[in-house]
Amino acid sequence: MDNQELSEKFQRFVDAENKVEAKDWMPEGYRKTLVRQIAQHAHSEIIGMLPEGNWITRAPSLRRKAILLAKIQDEAGHGLYLYGSAETLGVERAAMVNELLSGKSKYSSIFNYPTLSWADIGTIGWLVDGAAIVNQVSLQRTSYGPYSRAMIRICKEESFHQRQGYEIMIALSNGTAAQKSMAQDALNRWWWPSLMMFGPSDATSEHSAQNMKWKIKRHSNDELRQKFVDMTVPQAEYLGLTIPDKNLRWNKERGHYDFGEIDWEEFNQVVRGNGPCNKERLEARKNAHDNGRWVREAAMAYAKKQSAKNILKTA
Ligand SMILES: [Fe+2]
Ligand SMILES: [Fe+2]
């Protein structure tokens, strides 16, 4: 079969809702797109630990500290499953990590914003993990098997993350006037960047159509963003907090909330490396990578020794 025939056969296979597995034939563009997307997703899980890690030592109680530690540890696990699933496409983890550290590979722009108060930790769980769930629930049905299975497992944990954040917000909203205003301030700062997490409107992206056809993506960025807004507005109302958008209103005909324009210039600046914390985040990651070198080397030396022993045993 030539390339054209293989591509058509692949498309029919995907159209029939089959999952593509690591050893199956796949178009080069499909493989490349997935490697890029899964690696970026993995980097986001890992970099995403930093803004929250900033508050571990300052969590207001032992209970909050234990919860936050467990949540951040979950994110490390998500990064590991995702690097693992990208590796099934023939790319090495070290190569992906190098691309992150050199700035060549991106991660979610949301993690380039600072966490200024404890309410930011609640807001991140509520909005950032909330937005991640909307995106990831849809990715559970992505056509690449290893990615789809990683998503199923990750989504179970993400819903706890969202709830722990919302629970912090409930406590603050029912607290003193100062606590409530801290919650409102965090919502004001995180609302728009959370909407940006879904990426630019699909109309502006040529990759989107192909990714939908290959069923890598199952819903458009705009559809997912709308879903997130519809889900989150009643949650803000329950908290008695105001979403910082004067154009936000229920549209009876559409059966959805209308909302204001996103500042895409801000988004582009953050993606290009000019967000408030881009440099700080990459630097922290680089330091962690350098400080962990001896651990990686020791693990490799140990693995080598074990495999030499096994060869002796079987000889
Ligand atoms: Fe995660
Ligand atoms: Fe999470």
Side-chain angles (χ1 to χ4, degrees), residues 34 36-56 59 63-87 93 96-97 100 105-115 118-142 144 146-170 186-187 189-191 193-199 217-218 224-225 227-228 231-232 235 277 281 284-285 288:
L34 274 169
R36 193 183 58 233
Q37 182 174 329
I38 303 173
Q40 281 184 11
H41 194 162
H43 300 332
S44 303
E45 301 284 354
I46 299 298
I47 296 279
M49 297 160 76
L50 294 170
E52 292 181 298
N54 184 32
W55 278 89
I56 292 174
R63 174 176 171 266
R64 293 289 183 203
K65 187 187 287 224
I67 294 170
L68 184 59
L69 265 173
K71 193 260 189 201
I72 295 174
Q73 221 164 25
D74 282 354
E75 306 298 6
H78 298 172
L80 298 187
Y81 308 153
L82 287 163
Y83 283 127
S85 86
E87 279 182 314
R93 184 161 140 190
M96 291 184 269
V97 171
L100 169 68
S105 183
K106 302 284 177 218
Y107 55 85
S108 178
S109 59
I110 193 85
F111 301 119
N112 292 312
Y113 290 86
T115 39
W118 174 250
D120 289 36
I121 299 306
T123 311
I124 288 181
W126 174 33
L127 299 182
V128 177
D129 290 87
I133 294 169
V134 171
N135 194 26
Q136 290 171 357
V137 160
S138 145
L139 282 172
Q140 289 179 349
R141 292 174 55 240
T142 191
Y144 188 56
Y147 191 27
S148 141
R149 290 189 290 272
M151 281 300 120
I152 292 169
R153 180 155 176 190
I154 287 174
C155 279
K156 293 199 173 108
E157 293 177 345
E158 290 301 350
S159 73
F160 274 108
H161 297 174
Q162 198 270 353
R163 276 182 254 173
Q164 66 84 33
Y166 196 62
E167 200 229 336
I168 293 175
M169 295 310 275
I170 291 175
L187 172 58
R189 286 180 289 105
W190 289 91
W191 175 252
S194 300
L195 295 193
M196 293 175 198
M197 280 176 73
F198 297 94
K217 247 179 116 152
R218 308 297 308 229
L224 295 172
R225 187 167 15 244
K227 206 170 181 192
F228 173 71
M231 172 182 112
T232 310
Q235 295 169 350
C277 300
R281 299 287 181 247
R285 206 44 243 150

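Counting convention: from 1, in listed order, for ligands and their atoms alike. Remember, it's a predicted structure, so these values are computed and weren't measured experimentally.
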Which N, O or S atom name in H78 marks its closest approach to the Fe ion (ligand 1)? ND1
Looking at the Fe ion (ligand 1), is one of the N, O or S atoms of [X] less than 2.8 Å from it?
X: D129; value: no
X: E75; value: yes
X: E45; value: yes

Taking the side chain as every heavy atom from C-beta outward, state whether [X] and [Y] have any atom pair closer than 4.5 Å.
X: I154; Y: L82; answer: yes
X: M197; Y: S108; answer: yes
X: E158; Y: V137; answer: no

So among H78, Q136, R36, which one has a side chain to side chain donor-acceptor pair (under 3.5 Å) with H41? Q136
N, O or S atom within H161 nearest to the Fe ion (ligand 2), by name: ND1
Give the name of the N/O/S atom in E158 that lies closest to the Fe ion (ligand 2). OE1
In terms of side-chain geometry, is the basic nitrogen of E157 or R153 positioned less than 4.0 Å from the acidic oxygen of its partner? no
